[in-house]
Amino acid sequence: MSLFWRIFLSNAAVLCSAAVLLLVGPATVSTPALLTEAVIVFGGIVAMLGANAFLIRIGLAPLRRLTAAMTTADLLRPGQRTNVTGQAGVADVIRSFNTMLDRLEAERATSSARALSAQEAERRRIAQELHDEVGQTMTAVLLKLKQVSDKAPDPIGEDLLEVKERTRESLDEIRRIARRLRPGVLEELGLLSALKELISANSEHAKVVIHKHLDPGLPELDDETELVLYRVAQEGLTNIARHANATEVNLTLRRLGPGVELRIRDDGQGVRGAAEGAGIRGMRERALLIGADIDVFAAPDTGTVVRLYAPIRNRSNLS
């Protein structure tokens, strides 16, 4: 039965019940109506309205739950579905909404995969240009400065040495940026070595003590899963350096059940109910690529915890 007919028949049932009570009951209405009769009539109307509201509220309860689900739906947190309850039209609406979420999540995952793949390709290109072109040019400048400073008189030589040191610092910064854009260690030596280098670089640059706990017995992971784990760790440490005001960080990577868990915990100021920024939403998008679950929440005492659980995917089953 459709929603229209259910509401219509509910109202009809209330009106018919009132009519039957009026016909078979002892109550009558005088002309003009007495005060007691008016009270009875208005009391009957209130009872009818209450019964009608109760029946309609029961009938529309699934739609209220659907409305709440619509306002809280987030494609970066897949799997949230509304239970299919109610009859006929209401159940069809809820079922259609769940089907729409399935389609949107699949389309979002596909488009995110394409966008992130293009982003990684662009990062590799920029890192290559920084290393091959800008890096080599600045290296040549350093060599030339050294030759000139060796021949220049003392006052000018000291100035040239200072310029040379500034140039060397700039070259080191360019190399650091290139490594962040394209983690060559990840491709050459694997995830654990890349994370160790990332932790070392962040400890020096952000002045934060990072305690690492990396399980040496991790299972073999596909390239995409390793890249997601690395990028999430990189973004997590970057967020801590920028926003957390933390002094210590614990980074753990271990095998957990049929997957691996990455956990980053700091002793900073915590999330404090703040809205998620682009960094965290970017981590969620990356997690969707490999079917991973990611949570960002306040630690029990102080600080923030980022937890990523990635299932182990068989390389032979990947396209």
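Values in this document were obtained by computation on a predicted structure and should not be read as measured data.
With rounding to the nearest 0.5 angstrom, the CG atom of Leu214 is 6.5 Å from the CG atom of Leu251.
The shortest non-hydrogen separation linking Thr225 to Ala310 is CG2-CB, 4.2 Å.
In this structure, the side chain of Tyr230 does not engage the main chain of Leu198 through any donor-acceptor pair within 3.5 Å. Judged by distance alone, with hydrogens and angles left aside, the side-chain atoms of Thr304 form no donor-acceptor pair with the main-chain N or O of Ala299 at under 3.5 Å. Between the side chain of Gln269 and the backbone N or O of His243, at least one donor-acceptor pair lies under 3.5 Å. Side chain of Arg284 to backbone of Ile294: a donor-acceptor contact under 3.5 angstrom is found. A side-chain donor-acceptor contact under 3.5 Å links Thr139 to the backbone of Gly135. With Asp267 contributing its side chain and Thr247 its backbone, the two residues share a donor-acceptor pair below 3.5 Å.
Under the 4.5 Å side-chain criterion, counting only non-hydrogen atoms from C-beta, Val208 is not in contact with Asn202. A 4.5 Å side-chain heavy-atom check between Leu308 and Met283 finds every atom pair outside the cut-off.
In the displayed structure, Lys212 atom NZ is contacted under 6.0 Å by at most 12 heavy atoms of other residues, nucleotides or ligands. The 12-atom threshold is not exceeded at CZ of Arg166, counting heavy atoms of other residues, nucleotides or ligands nearer than 6.0 Å. Heavy-atom neighbours of Phe297 CZ from other residues, nucleotides or ligands within 6.0 Å: above the threshold of 12.
Ionic pairing of Arg231 and Glu235 is not present here: no N-O contact between side-chain nitrogen and carboxylate oxygen is shorter than 4.0 angstrom.
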